[in-house]
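The block underneath contains the structure these notes are about, expressed in structure tokens.
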Amino acid sequence: MNTFFLTELVTPDPNVRIILPELVVAAAGIIVMLYDSFFPKDRVTSGIISLVGLAVSAFLLVGLWSSEPLGSTSWNGMIAHDNLRLGFSIVFLIVTAMTVLISTVWVEREDVPVGEYNALLLFATFGMMLMASGNDLVVIFLGLETLSIATYVMAGLRRGDLKSNESAMKYFILGSFASAFLLYGMALIYGATGSTNLTVIAEKVVNPNFPALLLIGGAMMVVGFGFKVAAAPFHVWTPDVYEGAPAPVTGFMAAGPKAAAFASFIRVFVLGFPFIAGVAASNYLHETWMTVLAVMAMLSMTVGNVAAIMQNNVKRMLAYSSIAHAGYALVGFLGAGAANRGSSQDAAIASVAFYMLTYAVTNLGAFAVISLLAQKNDRRSDFEDFNGIGFKSPVLSFTLSLFMLSLLGLPLTAGFMGKILVFRPALEAGSTLLVVLVIVAVINTAISAYYYLRMIVVMFFKERVTEWVEPKMPIGLAVALLVAVVGVLYLGLFAGGVIEKFSQSRSGYEAQLK
Amino acid sequence: MEPSLASYLALSGILFTIGAVGVIYKRNAIGMFMCIELMLNSVNLTFVAFSRYYADTTGQLFVFMVMAVAACEAAVGLGIIIAFFRNRISVDVDDASLLKN
């Protein structure tokens, strides 16, 4: 017993090339932080360093796409290199780059400590990338906490504003509460399988005689991940936190951490234990889990869309809309779980990554406009504040309308392609449950038309009673808006290339699935 | 006689439940935070018990990570609670009622 510590020693196999994109982001974060302590007033350079770091990381990631064989690992199997990781990491880098650009508006208006803010954003990105690439429960947990702790701080960055304080405190307490559940789930899964490595866990789970602890552990992890993706019934924190946080941070939270949580969720539940053992081990268990998660998806969509109708604050409305979008993405997730062929599973995973990309681009675009109009402490973020601005500032209102239509999922926009792609694997899986789920999703899309179109109606057809001064647009925000508009149209019209890239070839898991 | 694995798991389950119920019923932010720490520590106990059971060091490694993360969470969380206290002169979560439907 006393010597077992020594027998476990293995030579580390870092294979640093694979995690280089992550390391670059973390290093950029540290550089930004150090630079800020010497030149605290230099906002522009700090932003440029962040963007350069993100660009270098993206460049390395795209390089890895073709040079490194999929399925290779680093750090003795703790980091996986596959389509899931590559697709989602690109989404995170785009989200953060756009957030840095959008933030230029409130950073200047409210004199935010910009070095700290950009460093936090980069550390959060580092955490998100680890969540997508971690093939070990330890790495996923560390990534999740790196991300969460950074976002708690960002939500409360307006220290003098009561709403921001409240948002940060609610997010912190409920977030750590959910993390504790996730962690307990991880502990029980470790207990059931004797390993924290997902590849090893997947091998053990195929045996139908796995301990019941695994099921309790799985349920606990669903609570934790459900919280992080903001799916009903674990969504109650979302509206309050999103409304109170500064608008660019809200945009970031809705796009980035949600996608990261989906990446880990898929990694653990679809690739780690194909919905607890999969059809091969126990058909009954597989069906039960599918039903539970399908109900979660239906609830998210319905609760999100119905509650969004009744909101008067635009940020709050978008918070409920983000709950609904988590429900739509869960449809693709279930499609991946139900897929009986490796290739269709890959396509389903890629569709979720693509969905998160379309949602991120659209949502960040919408938040860019809202940040610009909101003024100090976001006090102009009610529907009334958008009354009649349509023809007074046509550029802003037409772009915001485009984003609303894309969130709704109108053809020719990114949102439409995203929805089509996540619904398809669910329909192809050939299960009645999933067909019902897709029908519910389509009905919900129709309901959501009410509040997305309301935004457009308010802007173009309501009289404005108060005076209207068009805000000055900083160059960074203009670039972000341009990227969002081009992204929405490009992903809507030419999605084929992107989706092909995301599901490029078989991931390294196929062998284990069979 | 050494206590069995089951007794450790039962103890950690009970501690976790106490923590979770505490978070739900406490109205004081600091108290809620302490309950969350209790939950994290019950998880640590589970990890250590399984680590001993399997004679595998991964669980102990995980505990170190959890402890480090809990320390970071404490630093950030207390900062957030102090910021709230400065503006409200209270750490009662019922006072956090500005954001509601």
Side-chain angles (χ1 to χ4, degrees), chain A residues 1 4-5 7-9 136-139 141-142 144-146 148-150 152-153 155-156 158-177 179-181 183-188 190-192 194-197 213 239-244 307 310-311 313 316, chain B residues 5 9 12-13 16 19-20 23-24 29 32-33 35-40 42-66 68-70 72-77 79-81 83-88 91 93 95-101:
Chain A
M1 209 57 182
F4 78 75
F5 296 98
T7 56
E8 292 286 313
L9 282 179
D136 194 290
L137 296 177
V138 185
V139 179
F141 171 68
L142 280 179
L144 180 90
E145 287 298 326
T146 314
S148 303
I149 291 175
Y152 299 152
V153 180
R158 276 187 187 129
R159 269 176 314 186
D161 178 29
L162 282 174
K163 280 187 175 176
S164 182
N165 293 158
E166 197 178 312
S167 154
M169 196 163 89
K170 283 182 175 165
Y171 195 25
F172 165 69
I173 288 184
L174 292 172
S176 1
F177 189 53
S179 299
F181 273 94
L183 200 57
Y184 199 45
M186 287 179 175
L188 294 179
Y190 171 62
S195 173
T196 54
N197 189 300
L213 268 184
D240 288 2
V241 171
Y242 282 20
E243 188 189 340
M310 295 177 283
Q311 301 309 319
N313 183 294
R316 217 177 162 82
Chain B
L5 174 68
L9 291 188
S12 69
F16 190 85
V23 174
I24 294 164
M32 291 169 96
F33 179 60
C35 289
I36 290 168
E37 291 290 306
L38 184 65
M39 290 165 81
L40 292 181
S42 81
V43 173
N44 284 349
L45 185 61
T46 317
F47 269 120
V48 173
F50 279 127
S51 172
R52 178 90 180 168
Y53 178 73
Y54 286 118
D56 171 46
T57 43
T58 320
Q60 296 174 28
L61 177 141
F62 213 132
V63 171
F64 274 116
M65 299 296 176
V66 175
V69 163
C72 300
E73 241 175 29
V76 166
I80 288 171
I81 294 173
F84 182 82
F85 178 75
R86 281 220 181 126
N87 293 328
R88 282 264 178 204
V91 288
V93 286
D95 288 339
S97 54
L98 222 54
L99 303 165
K100 260 190 188 158
N101 269 330

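Below, chain A is the first sequence line, B the second, and so on; all start at residue 1. These numbers were taken from a predicted model, which means no experiment stands behind them. Both backbone and side-chain heavy atoms feed into the values below; hydrogens, waters and symmetry mates do not.
By the side chain to side chain contact (heavy atoms under 4.5 Å, CB included) test, A29(B) is found to be paired with M169(A), I173(A), I81(B), V91(B), V93(B), residues two or more places apart in sequence or in another chain being considered.
Both the backbone and the side chain of L137(A) come within contact range of chain B, judged by heavy atoms closer than 4.5 Å. Only the side chain of F141(A) comes within contact range of chain B, with at least one heavy atom under 4.5 Å from a heavy atom of that chain. For chain A, the nearby parts of F47(B) are the backbone and the side chain; heavy atoms of each come within less than 4.5 Å. In this structure, the portion of V23(B) lying under 4.5 Å from any heavy atom of chain A is its side chain and not its backbone. Heavy-atom distances place both the backbone and the side chain of M186(A) under 4.5 Å from chain B. Using a 4.5 Å cut-off between heavy atoms, L5(B) makes no contact with chain A at all. Contact of F84(B) with chain A is made through backbone and side chain together, with heavy-atom distances under 4.5 Å. Neither the backbone nor the side chain of A150(A) comes within contact range of chain B, judged by heavy atoms closer than 4.5 Å. Only the side chain of F172(A) comes within contact range of chain B, judged by heavy atoms closer than 4.5 Å. Both the backbone and the side chain of A20(B) come within contact range of chain A, judged by heavy atoms closer than 4.5 Å.
Heavy-atom neighbours of R159(A) CZ from other residues, nucleotides or ligands within 6.0 Å: at or below the threshold of 12.
N165(A) places no side-chain N or O within 3.5 Å of a backbone atom of R86(B) that could act as its donor or acceptor partner. Here the side chain of Y190(A) pairs a donor or acceptor atom with the backbone of G59(B) at under 3.5 angstrom.
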